[in-house]
Amino acid sequence: MKIGVFDSGIGGLSVVKSLLEHKLFEEIIYFGDTARVPYGIKDKNTIIRYAIEAVEFFKNFELDLIIVACNTVSAYALNEMRESASCPVYGVVEAGALAASNALKDTNKNILIIGTNATINSQAYEHKLRSLGFKNLQAKATGLFVPLVEEEIYEGEILEATLKHYFHMLKDPDAVILGCTHFPLLHNALQNYFSKETLLIHSGDAIVEYLEKEFDFTHNYEKTALKFFASENPEALKKVASKWLKN
Ligand code: DGL
């Protein structure tokens, strides 16, 4: 299978990492809209317009499917992308909610959803989780984590203060949905802040779990061909890819 992975910028590389670990695909075409990132502070119509442009870009390749790694786009533009694409389009929101539900099972458990302003305002995760029976939901926009990750701040005082700033008022969650491409890079800091028992749901692992149910993968690709495209400064994106995707 040859697939496209779309993100607003570099963050979707965290999803590519999961895809590579599971050796599911022969070729991945990555497109990051680095010229217009961040999407997480934009409005619905803009996000949809940009997402449809990404679908147009992917039409240059004969793809078997498109994965929307960006939570913000998955929350707002999946239907519109599906309407204009000539292959199936999968997003990370439904996959993340299902992964949380499968792992927790007990619908009384408390789930915290974190993401960009746009993702949290959309309430897309809450809608899906409520439809699965979960009622104890908390949601918090934690946009400052995005620039922190881009500055490679994965620990230390600034991050600790930001964690406290966002979470000190919240009830201790049983699970946290990392509803933004950047947040898996803060896995250790988040796990330490909450507790060892708190389940952290990553978009990348969630979409793999989802696709493995959807498709009958019979082949393990030892090597996946990777092609990176960006709307601005593709060299910078490739540099980040070589850091994030190394084992
Ligand atoms: N990729 C975005 C997401 O997962 C985060 C960065 C942005 O705001 O564009 O929501």
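Just so it is clear, the values below take in all heavy atoms, side chains as well, and ignore hydrogens, waters and symmetry mates. Just so you know, ligand 1 is whichever comes first in the structure, and atom 1 is the first atom listed for that ligand. Note that the numbering runs from 1 along the sequence shown for the chain.
The closest approach between a heavy atom of Cys180 and any atom of ligand 1 is below 4.0 Å.
The protein heavy-atom contact nearest to atom 6 (C) of ligand 1 is Ser8 OG, 3.6 Å. Closest to atom 2 (C) of ligand 1 among all protein heavy atoms lies Cys70 SG, 3.4 Å. Looking from atom 8 (O) of ligand 1 to the surrounding protein, the closest heavy atom is Gly40 N, 2.8 Å.
Within ligand 1, counting atoms from 1 as listed, the ones closer than 4.0 Å to a heavy atom of Tyr39 are 7 (C), 8 (O), 9 (O). Residue Val37 approaches ligand 1 through these ligand atoms, each under 4.0 Å from one of its heavy atoms: 9 (O). Atoms of ligand 1 lying under 4.0 Å from any heavy atom of Thr116, numbered from 1 in the order shown and given with element: 5 (C), 8 (O), 10 (O).
In this structure, CG on Leu20 lies 8.5 Å from NZ on Lys17, to the nearest 0.5 angstrom.
Residues Tyr221 and His219 bring their aromatic ring centres within 6.0 Å.
Here Asp7 has side-chain heavy atoms under 4.0 Å from ligand 1, and that is the only part of it that gets that close. When heavy-atom distances to ligand 1 are checked against a 4.0 Å cut-off, Thr181 comes that close through both its backbone and its side chain. Both the backbone and the side chain of Thr72 come within 4.0 Å of ligand 1, counting heavy atoms alone.
Taking the charged nitrogens against the carboxylate oxygens, Lys243 and Glu152 do have a contact shorter than 4.0 Å, which makes a salt bridge. Ion pairing between Lys223 and Glu27 fails under the 4.0 Å rule for side-chain N and carboxylate O.
Although no hydrogens or angles enter the test, the distance criterion places no donor-acceptor pair under 3.5 Å between the side chain of Asn110 and the main chain of Asp174.
Within 6.0 Å of NZ in Lys238 there are more than 12 heavy atoms belonging to other residues, nucleotides or ligands. With a 6.0 Å radius and a threshold of 12 heavy atoms from other residues, nucleotides or ligands, Glu56 has its CD atom above the threshold.
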